[in-house]
Amino acid sequence: MGVMVDTNTNTIPSTDSTQPNNRKMQIQLPTREAEEEKEKASSPSDVASSNSESEPLFPTNGGIRRRAPGESSLSGRVMSRRRSFGRDVQHAAEETFLLTRLTLILLRYLGIGYRWIMKFLALCLYAFLLMPGFIQVGYYYFFSSQVRRSVVYGEEPRNRLDLYLPLNANDRMPVVAFITGGAWIIGYKAWGALLGRRLAERGIIVACIDYRNFPQGTISEMVEDASQGISFVCNNIASFGGDPSRIYLIGQSAGAHIASCTLLNQAIKECSEGGTSWSVSQIKAYFGISGGYNIVNLVDHFHNRGLYRSIFLSIMEGEESLSAFSPELLVRKPSNKHAVSLLPRIVLFHGTSDSSIPSTASKDFSDALTANGGLVDLILYEEKTHTDLFLQDPLRGGSDQLLETVVAVIHEDDVIACAKDVEAPVARRLVPEWMLMLASRVSPF
């Protein structure tokens with residue numbers, strides 16, 4: 001089974017580091033003889049010679065105390081953190097401006113109607129109820145030394161990814177490339193912070209790949225960005241301690257659709273072309289969470305849910321392109337049978353109470369893969385909604401069934417890692433149960 005590799009020549013941006021300023025400061029000696037010696041100094045070499053002499057620990061008579069080496073290093077680290085924080089603020093401001101501009105463009109497509117106003121209010125209430133967890137995860141995202149934010153993987157505006165590194169990172173650790181959801185409109189790499197944190201705690205590196213959303217980009221550009229991000233991970237993750245031979249792909253909701261399109265398109269390319277920058281064979285397994293894989297069958301469903309037909313067809317580049325971006329239909333095509341055989345193991349997760357994307361979407365995709373020689377596992381969770389699997393359950397703490405399944409697959413050939421999983425500490429609760437239950441009731445998803 002294989003994964004196509006884009007031979008992307010992206011290089012890993014080096015981490016900024018500020019070296020402490022070790023130049024010695026000139027010392028004012030308190031004696032008259034010293035003042036005379038100072039007046040005689042007429043060249044830089046004289047000054048350097050004067051600076052090389054020993055100086056008192058505490059300044060006297062107006063003397064200037066030279067910084068101790070540790071003090072200078074501490075000052076350098078403080079300045080480095082200030083500059084790093086300043087870059088984060090600037091980057092956040094730039095992305096906020098971009099998202100605001102794209103939102104205004106999107107509103108021209110949507111219009112302002114009763115349904116969208118009610119959904120917006122429900123979304124605000126939903127986010128408010130989960131805010132205790134969001135604040136804690138947000139603090140981890142912005143201030144943890146384990147998170148490398150906005151690593152550049154391409155030339156487009158959204159070609160960035162976040163890396164989540166295990167605390168005691170060593171060489172050759174398994175890697176997950178994650179494509180987040182967001183209805184092809186509001187996806188953002190930071191949405192994967194909770195998943196990244198949980199998997200990093202289990203010794204797995206996570207790369208959350210950002211991509212252009214509509215109206216900044218359409219589906220072909222989203223797939224292109226995802227492919228380029230996966231290529232970067234395959235070709236560069238070793239520099240961050242990852243194992244290039246143990247890379248896994250996860251997609252959630254719209255991200256599951258984009259990831260499966262990317263994976264299948266790469267397999268089709270490998271059957272007819274060469275010279276790609278990544279290969280399907282580099283992906284050990286693909287996990288699809290609450291995804292939609294037959295877009296033709298979902299157009300009316302999305303329209304009734306508020307993602308109107310005109311908008312969705314614009315995202316998918318017209319009705320004539322729906323089949324080309326429906327992985328289930330591509331798998332069923334006889335001409336793609338060899339490409340299906342190249343696919344890695346596929347594990348599909350779905351909640352039976354999912355109203356955003358029916359669980360039948362994963363079941364039908366599983367049936368298509370099985371009928372055409374694919375290796376697939378389908379796991380359905382009774383009475384789970386669209387966001388339960390990805391948000392409410394992880395925020396609840398304790399044992400997360402979906403997460404444990406993912407970790408078990410990733411660690412199945414690693415005896416030491418499996419032993420550590422048995423003793424892994426239980427994840428703590430981030431949101432009170434009553435708030436989670438209420439959030440499930442008001443969720444617009």
Side-chain angles (χ1 to χ4, degrees), residues 2-8 10 153-161 177-189 191-192 207-235 247 249-273 275-280 282-283 286-289 291-296 298-299 302 311-331 333 336 339-340 342-344 346 357 361 365:
V3 176
M4 307 281 297
V5 178
D6 294 351
T7 46
N8 211 330
N10 292 326
Y153 70 79
E155 298 180 354
E156 296 297 332
R158 297 288 293 273
N159 287 176
R160 306 287 188 273
L161 59 83
F178 176 65
I179 312 294
T180 186
W184 303 271
I185 295 173
I186 58 172
Y188 184 55
K189 56 188 173 62
W191 300 169
C208 292
I209 300 171
D210 206 6
Y211 55 91
R212 284 169 285 181
N213 285 199
F214 183 81
Q216 189 180 21
T218 54
I219 184 62
S220 62
E221 291 162 323
M222 299 177 199
V223 171
E224 178 185 345
D225 288 350
S227 179
Q228 196 167 359
I230 295 170
S231 172
F232 179 90
V233 172
C234 289
N235 292 308
I247 297 176
L249 180 63
I250 299 180
Q252 186 264 335
S253 190
H257 169 253
I258 294 170
S260 58
C261 284
T262 305
L263 196 60
L264 191 53
N265 286 352
Q266 189 70 14
I268 294 172
K269 285 181 182 178
E270 287 189 14
C271 293
S272 57
E273 303 175 13
T276 54
S277 64
W278 65 282
S279 171
V280 178
Q282 292 178 271
I283 306 299
Y286 165 65
F287 303 92
I289 306 173
Y293 309 99
N294 187 339
I295 301 303
V296 175
L298 290 172
V299 176
F302 288 150
I311 302 169
F312 188 67
L313 291 181
S314 296
I315 296 172
M316 295 296 153
E317 301 173 359
E319 193 166 359
E320 64 281 359
S321 299
L322 293 178
S323 297
F325 293 105
S326 293
E328 179 192 327
L329 299 183
L330 292 175
V331 164
K333 290 182 65 174
N336 291 332
V340 174
L342 299 180
L343 295 176
I346 294 176
I357 301 178
F365 187 38

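The structure presented is a predicted model; accordingly, all values stated were derived computationally and were not measured.
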Quick one: do Phe302 and Ile311 satisfy side-chain contact (heavy atoms from CB on, under 4.5 Å)? Show the steps, please.
CA-CA 10 Å; Phe302 288 150; Ile311 302 169; over 6 Å; no

Exercise: identify the closest heavy-atom pair between [X] and [Y]:
X      : Y      : value
Met316 : Ile219 : CA-CG2, 3.7 Å
Ala183 : Ala254 : N-CB, 3.7 Å
Ala267 : Ala339 : CB-O, 3.5 Å
Ala226 : Ile179 : CB-CD1, 4.1 Å
Ile209 : Lys189 : C-CB, 4.3 Å

**Asked** Can we say Asp225 and Arg212 salt-bridge, meaning some charged N sits less than 4.0 Å from an Asp/Glu carboxylate O?
**Response**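 The answer is yes: the pair qualifies as a salt bridge.
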
If you measure from [atom1] on [X] to [atom2] on [Y], what distance do you get to the nearest 0.5 Å?
X      : Y      : atom1 : atom2 : value
Phe214 : Ile186 : CZ    : CD1   : 14.0 Å
Glu221 : Glu317 : CD    : CD    : 7.0 Å
Tyr293 : Leu329 : OH    : CG    : 14.0 Å
Phe232 : Asn159 : CZ    : CG    : 11.0 Å
Leu298 : Glu328 : CG    : CD    : 9.0 Å
Tyr188 : Arg160 : OH    : CZ    : 10.0 Å

* Asked: Passes side-chain contact (heavy atoms from CB on, under 4.5 Å), Leu313 versus Leu322? Steps please.
  -> CA-CA 8 Å; Leu313 291 181; Leu322 293 178; 4.0 Å; yes

Exercise. Just one of Ile247, Asn235, Thr262 clears the side chain to side chain contact (heavy atoms under 4.5 Å, CB included) bar with Ile230, so which one?
Worked result: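 Result: among Ile247, Asn235, Thr262, Thr262 is the only option passing the side chain to side chain contact (heavy atoms under 4.5 Å, CB included) with Ile230.
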
TODO: Mind running side-chain contact (heavy atoms from CB on, under 4.5 Å) on Ser253 and Ile357 for me, showing each step along the way?
DONE: CA-CA 8 Å; Ser253 190; Ile357 301 178; 4.2 Å; yes

Is the backbone of [Y] close enough, under 3.5 Å, to the side chain of [X] for a donor and an acceptor to pair up by distance?
X      : Y      : answer
Ser231 : Ser227 : no
Ser326 : Ile295 : yes
Asn336 : Leu330 : yes
Tyr286 : Ala256 : yes

| task | Taking the side chain as every heavy atom from C-beta outward, state whether Leu342 and Cys271 have any pair of such atoms under 4.5 Å apart. | result |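 Touching, per the 4.5 Å side-chain cut-off.
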
Decide yes or no for Met222 and Ile315: does some side-chain heavy atom of the first lie under 4.5 Å from some side-chain heavy atom of the second?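 Side-chain contact under 4.5 Å: yes.
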
* Asked: Taking it one step at a time, do Val223 and Tyr211 satisfy side-chain contact (heavy atoms from CB on, under 4.5 Å)?
  -> CA-CA 8 Å; Val223 171; Tyr211 55 91; over 6 Å; no

Assert yes or no for the condition that the ring centre distance of Phe325 to Trp184 is strictly below 6.0 Å.
->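 When the ring centroids of Phe325 and Trp184 are compared, they turn out to be at least 6.0 Å apart.
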
